[in-house]
Amino acid sequence: MKQQEFRNCLTDYAAMSYMLKTCGYQEILETAAALKNISAETLAQYPMGGYSKGMGSGAYEFVLKDLQRNVKHYDWLFLHLSDDVSQAVFTNLIAYRIVPASVFLKAAYDDKHSQYFDTDIVSCGGQEVFVDCGGFIGDTVEEFIRLFKHYKHIYVYEPFSDNIGICRENLAKYGNVTVRPCGVGERGDCLSICGGGSSGSFMAGQHGSQEIPIVSLDEDIGEKVTFIKMDIEGSEISALLGAKRHIRNDFPKLAVCTYHIISDMWEIPKLIDAIRPGYRFYIRHYHFPENWETVIYAVPPKQEDGEGR
């Protein structure tokens with residue numbers, strides 16, 4: 001493949017999709033390596049950040065082969081994105097997976113809006129029931145209150161003991177905030193968690209540093225919810241399955257991280273669409289120069305039509 005043709009592909013998702021379907025792995029690898037002025041062997045092992053938590057290698061070879069294997073799923077997501085900004089962000093994130101150059105992350109990066117709360121996409125009123133899955137020390141909840149001020153109730157789920165006390169202390173000055181010292185998943189359980197209490201702590205199956213309880217949102221919250229945020233280090237799909245009733249019946253706004261596992265980018269929105277058809281999808285990226293903090297927004301059409309604003 002000629003270099004200029006390859007460069008042109010990286011600005012157009014349809015062209016990248018066609019290339020992924022018609023060119024072999026080795027051809028793309030060698031062309032991308034030449035563009036970066038490194039050997040193909042070096043690029044194949046190039047670290048790609050946090051895409052693969054718990055699911056294989058995070059090296060370039062793993063990421064490119066995933067694109068080729070699942071390109072039809074990525075096509076589905078591109079066609080279901082609801083605005084030009086989302087399609088541009090998506091195109092740059094896929095270009096980064098083909099040629100890991102910071103220029104693509106810079107083009108995707110949103111430095112104008114708060115993560116999870118892009119007010120061009122979501123709006124919140126005084127009857128909001130906000131659910132923060134992965135509450136850390138309460139910083140996301142405080143940003144929610146700063147932006148939207150009024151709400152009905154807030155539920156915060158934070159599994160790590162080092163964070164729970166700080167979270168409760170930070171949120172004690174606000175009313176109608178429930179802090180739950182547990183993680184969220186598909187069903188009630190008890191798992192091990194690894195990490196030192198940072199926002200990067202993650203589920204680790206049966207072997208970890210701390211045993212924590214897991215609850216499902218459907219079992220734990222009896223009232224209607226209107227907005228669910230999830231940043232739970234690769235457990236998002238399990239947590240969404242545990243919130244199927246709320247998603248199906250309440251049709252809440254969703255802001256879900258999709259970068260922890262390589263397939264999350266398409267698997268999470270497809271799961272949401274299967275649980276409750278009719279959502280509008282938007283994608284934004286909130287970190288530079290790394291490939292972390294990509295969020296999919298799922299918004300009910302009634303909000304876009306002006307109801308509840």
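The analysis underlying the following values was restricted to heavy atoms, covering all of them including side chains, and did not include hydrogens, waters or symmetry mates.
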Using only atom types and a distance under 3.5 Å, with no angle test, would you say the side chain of Asp66 pairs donor to acceptor with the backbone of Ser263?
no

Pairs involving residues 23-46, ordered by first then second residue, that meet salt bridge (charged side-chain N to carboxylate O under 4.0 Å, His left out) (sequence neighbours left out):
none

Gap separating the CD atom of Glu158 from the CD1 atom of Ile212, nearest 0.5 angstrom:
8.5 Å

Tell me, with the steps shown, if Lys106 and Ser102 meet side chain to side chain contact (heavy atoms under 4.5 Å, CB included).
CA-CA 6 Å; Lys106 185 174 182 180; Ser102 62; 5.9 Å; no

Do any N or O atoms from the side chain of Ser235 and from the backbone of Ser238 form a donor-acceptor pair under 3.5 angstrom?
no

Going hydrophobic residue to hydrophobic residue with side-chain gaps under 4.5 angstrom, can you get from Ile154 over to Ile164?
no

Salt bridge check, Lys244 against Asp218: does any charged N sit closer than 4.0 Å to a carboxylate O?
no

Count the heavy atoms belonging to other residues, nucleotides or ligands that lie under 6.0 Å from CZ of Arg187, then report whether that count exceeds 12.
no

Run the side chain to side chain contact (heavy atoms under 4.5 Å, CB included) test on Cys124 and Tyr151 for me, step by step, so that the C-alpha distance in whole Å, both residues' side-chain angles and the decisive distance to 0.1 Å come before the verdict.
CA-CA 8 Å; Cys124 296; Tyr151 57 90; over 6 Å; no

Determine, for Glu142 against Lys173, whether the closest basic-nitrogen to carboxylate-oxygen distance falls under 4.0 angstrom.
yes

N-O pairing of Arg280 and Asp273 below 4.0 Å:
no

Side chain of Tyr279, backbone of Pro252: donor and acceptor closer than 3.5 Å?
yes

Tyr155 vs Phe130, test: ring-ring contact (aromatic ring centres under 6.0 Å, His included). Steps then yes/no.
CA-CA 6 Å; Tyr155 294 89; Phe130 175 58; over 10 Å; no

Answer yes or no on whether Arg276 is positioned over the face of Phe251, meaning its NZ or CZ is under 6.0 Å from the six-membered ring centre and within 45° of the axis.
yes

Sidechain N-carboxylate O distance under 4.0 Å for Asp250, Lys224:
no

Quick check on the hydrophobic clustering: are Val63 and Leu93 connected, directly or via other members, by side-chain heavy-atom contacts under 4.5 Å?
yes

Closest non-hydrogen contact found for Tyr116 with Phe227 is O-CZ, 3.5 Å

Report the distance from atom CG of Asn92 to atom CD of Gln87, rounding to the nearest 0.5 Å.
12.5 Å

Side-chain donor or acceptor of His246 paired with backbone N/O of Ile221 under 3.5 Å
yes

Whether Ser216 side chain and Glu219 backbone form a donor-acceptor pair below 3.5 Å:
yes

Any donor and acceptor pair, going by atom type alone, linking the side chain of Asp83 with main-chain N or O of Ser86 inside 3.5 Å?
yes

Same hydrophobic cluster for Leu10 and Leu67, using side-chain heavy-atom links shorter than 4.5 Å among ILVMFWY?
yes

Can you see whether Tyr297 has Lys253 sitting over its ring - NZ or CZ less than 6.0 Å from the centre and within 45° of the normal?
no

Assess the residue pair Glu293 and Arg284 against the criterion (salt bridge (charged side-chain N to carboxylate O under 4.0 Å, His left out)); give the C-alpha distance rounded to whole Å, side-chain angles, the decisive distance to 0.1 Å, and a yes or no.
CA-CA 9 Å; Glu293 310 306 337; Arg284 297 292 187 268; over 6 Å; no

Is a donor on one side and an acceptor on the other found under 3.5 Å between the side chain of Glu61 and the backbone of Ala59?
no

Decide yes or no on side chain to side chain contact (heavy atoms under 4.5 Å, CB included) for Asp110 and His285, but give the supporting numbers first.
CA-CA 6 Å; Asp110 183 351; His285 183 74; over 6 Å; no

Taking atom NZ of Lys229 and atom CD of Gln115, what is their separation to the nearest 0.5 Å?
8.0 Å

For Asp111, I'd like to know if atom CG has over 12 heavy atoms of other residues, nucleotides or ligands within 6.0 Å.
yes

Got a donor-acceptor contact below 3.5 angstrom from the Tyr60 side chain to the Ile98 backbone?
yes

Lys270 bridged to Glu267 by N-O distance under 4.0 Å:
no

Do the side chain of Glu128 and the main chain of Gly125 share a donor and acceptor less than 3.5 angstrom apart?
yes

Residues Tyr259 and Thr294: closest non-hydrogen pair is CD2-N, 3.4 Å

Kindly say whether Val129 contributes a backbone atom to a donor-acceptor pair with the side chain of Thr226 at under 3.5 angstrom?
yes

If I take atom CG from residue Asp264 and atom CD from residue Glu236, how far apart are they, to the nearest 0.5 angstrom?
6.0 Å

Scan the side chains in residues 11-18 for donor-acceptor partners under 3.5 Å anywhere in the protein, sequence neighbours excluded, and list what turns up.
from  : atom 1 : to    : atom 2 : distance (Å)
Thr11 : OG1    : Asn8  : O      : 2.9
Asp12 : OD1    : Ala14 : N      : 3.1
Tyr13 : OH     : Asp75 : N      : 3.2
Tyr13 : OH     : Asp75 : OD1    : 2.6
Ser17 : OG     : Lys21 : NZ     : 3.1
Ser17 : OG     : Asp75 : OD1    : 2.8
Ser17 : OG     : Asp75 : OD2    : 3.3

